[in-house]
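Read through the structure below, which is laid out as C-alpha cells, and then see the notes.
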Protein chains: 2
Amino acid sequence: MARLPVYLRALHVLAERGVATVSSEELAAAAGVNSAKLRKDLSHLGSYGTRGVGYEVEYLVYQISRELGLTQDWAVAIVGLGNLGRALAGYGGFASRGFRMAALLDAQPGIVGEVIADLTVEHIDDLETVIKDNGISIAVLAVPAAAAQPVCDRVVASGVTSILNFAPVVLSVPDGVDVRKVDLSIELQILAFHEQRKAGGPSGVEEEYLEAVEGQ
Amino acid sequence: MARLPVYLRALHVLAERGVATVSSEELAAAAGVNSAKLRKDLSHLGSYGTRGVGYEVEYLVYQISRELGLTQDWAVAIVGLGNLGRALAGYGGFASRGFRMAALLDAQPGIVGEVIADLTVEHIDDLETVIKDNGISIAVLAVPAAAAQPVCDRVVASGVTSILNFAPVVLSVPDGVDVRKVDLSIELQILAFHEQRKAGGPSGVEEEYLEAVEGQ
DNA sequence: TCTTGTGAATCAATTCACAGCT
DNA sequence: AGCTGTGAATTGATTCACAAGA
C-alpha cells in the first residue's frame, strides 16, 4: 500500500519526540488521512494495536519497515548526472535507512570520472557490469527523454526489476518490472488545472481556438 | 483529471511526427492506458472525436491545453535553492508552455544574490513582496523539512493557492489551496516494497523483531 | 471507558460491450 | 467497416458504525 511510507514517516517523528503509544486518530491526523482508513491499512499487516490503548510506536515502526522491505539493504544506481541526477545523488533521503547509493552512471566524457557524493561516475558502456557487480536492484533514471527507453532496456536486461523514472516518457517494460514515474512538469500542469478551476474554468468558446490558429 | 497531461505529451509527440489523426486505441497505447478510459476522459471535455475516424491531433492538443489552463501563463516561484531547487530552476520542462519561472527565493546569505537560470535569488524576507509584485500563483517548495510549514504559511498568506512540495512533510493548508507532493524517498520505499514482494515477501517471524531490538 | 478491527454501506473509478454516427 | 461516446456492470477504495477486547 502506497500510504505505508507516509505512516512510517509520521511514526519516526513521534518516536523522536519520545511518544511511546499512539491512537489511530492521532496518527491518521499526522499522516493526513481518515482514521478508519489508517486502521484498515494497518490491520492488513496484522493485528498490531491494543484496543483501548492504541499502537506502540516502536513496534509499529518495525512492522511497517519490515513490510516495506526496509529491514534489508537495497543497492541503488543513478543513471544520468545532469542537474537532477546530481541533486538526487546528494539527497539525504536516499541514503537513509534501507537504501544505499551504489553507483552513478553517465554517457558524457566530461561527467564520467567526476566524484559526486563520494562516488566516481562510471561510463554507461559499463552499465551491465556495474549493475551486476554491485547487486543493484533499483535504478533511478535521470536521463534525457530520448535516452530513457534504451537505457531502461539495458538496466532491465542486466537484472534490475524496479525503476524510478524522471524522464518525461512512458517506459515499456516486461511483466515483473515495476516502474514509478516522477514527472515535474505533469505535477505543474495538474496544479495549473486546479488553479484555473478556482479562477472560473476555461472560457469555453470556439472563437478562442480559431484565433489561436489564425495567430500562427 | 490527472491523466490529461500524459495524453497531451503523447499528442505532442504525434504532432511532431506529422500525424494528423489518431484513434483512441493508438493514443491509449502511447499513453499507457486502456482505450475505454481514454475515450471516457476525453468525452468528459466535450465531443472532440469523429466516429469511424478518430481524433484530430492538433485540435485535441488545443482542447486539452485549454482545459488544463495552459493557454494562459502561470508565474512560478521556487523557494529553496539547494541542490534540488537548482535542478528545478534549470529544468527545461518548467519553462515550457504555460509556465514562467518568475522568482527564486532562499534564506542563506551565500545563496541570496546568486544568479541561477537568469534570475537573481532574492531573500526570503521579501517573500510577500516578491510574490505579489510578480503575480505568482504557484510556489515550488524545495526547502528543508523543518522550514516547509512556516514557508508554506507565508506563501499562502501572500496569495499563492497552488503548491508543489518537495519537502518530506504533510503540509496543512486552508481550504481552497492545492498541494501536490513529490517525495523521492517515498517513491523508493514503494519500489522496495514491490521488490521485496518479488523476492518472497517479509519473512514474517517474530524473532526478527526481537533480534533487531536486542541488537541496539 | 476508550480504541481497535471489521462487516456493511457508500462512493468512485474502471472496464465491458454495443448503439449510433461517419 | 470502423471508431466514438456512453449506459450498464464490475471492481475497488473509502467511510460508517458498532461489536468485541483491553
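All values derive from a computational prediction rather than experimental measurement. Throughout, a chain's letter reflects where its sequence line sits, starting with A, and its residues are numbered from 1.
For the pair A/Arg3 and A/Val53, nearest-nucleotide mapping onto DNA chain D gives the more 5' position to A/Arg3.
At least one side-chain heavy atom of B/Val140 sits under 4.5 Å from a side-chain heavy atom of B/Phe166. For the pair B/Val155/B/Ile136, no side-chain contact is recorded, criterion being any heavy-atom separation below 4.5 Å from C-beta on. Looking only at side-chain heavy atoms (C-beta outward), A/Phe99 and A/Met101 stay at 4.5 Å or farther from each other.
You'll find a donor-acceptor pair under 3.5 Å spanning the side chain of A/Arg51 and the base of C/dT4, going by distance alone.
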Review point. Can A/Leu27 and A/Leu14 be said to form a side chain to side chain contact (heavy atoms under 4.5 Å, CB included), step by step?
Key: CA-CA 9 Å; A/Leu27 184 52; A/Leu14 292 170; 4.2 Å; yes

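B/Tyr62 and B/Glu58 form no side-chain donor-acceptor contact under 3.5 Å, judged by distance and modelled atom types alone.
Between A/Leu60 atom CG and C/dG5 atom C1' the separation is 14 Å, expressed in whole Å.
Contact annotation: B/Tyr48 does not reach the phosphate of D/dC3 (side-chain N/O to OP1 or OP2, under 4.0 Å). A close approach under 4.0 Å does occur between a side-chain nitrogen or oxygen of A/Tyr55 and OP1 or OP2 of C/dG5.
Contacts between residues 21-47 of chain B and DNA chain D, defined by a heavy-atom separation below 4.0 Å, involve B/Ser23, B/Ser24, B/Arg39, B/Lys40, B/Ser43, B/Ser47, listed by number.
Summarising the geometry of A/Val130 relative to A/Ala103, their closest heavy-atom pair is CG1-CB, 3.5 Å, with the distance given to 0.1 Å.
A side-chain contact (heavy atoms from CB on, under 4.5 Å) with A/Val76 is found for one member of A/Ile138, A/Leu164, A/Asn134 and no other, namely A/Ile138.
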Using distance only, find each side-chain donor-acceptor pair of residues 167-181 of chain A under 3.5 Å and give its atom names and separation, not counting sequence neighbours.
| from | atom 1 | to | atom 2 | distance (Å) |
| --- | --- | --- | --- | --- |
| A/Asp178 | OD2 | B/Lys198 | NZ | 3.1 |
| A/Arg180 | NE | B/Glu187 | OE1 | 2.5 |
| A/Arg180 | NH2 | B/Glu187 | OE1 | 3.2 |

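Taking five base pairs at each end of the helix from C/dT1-D/dA22 to C/dT22-D/dA1 and finding the rotation axis that steps the C1' atoms of four pairs onto the next four gives two axes whose angle is 0°, to the nearest 10°.
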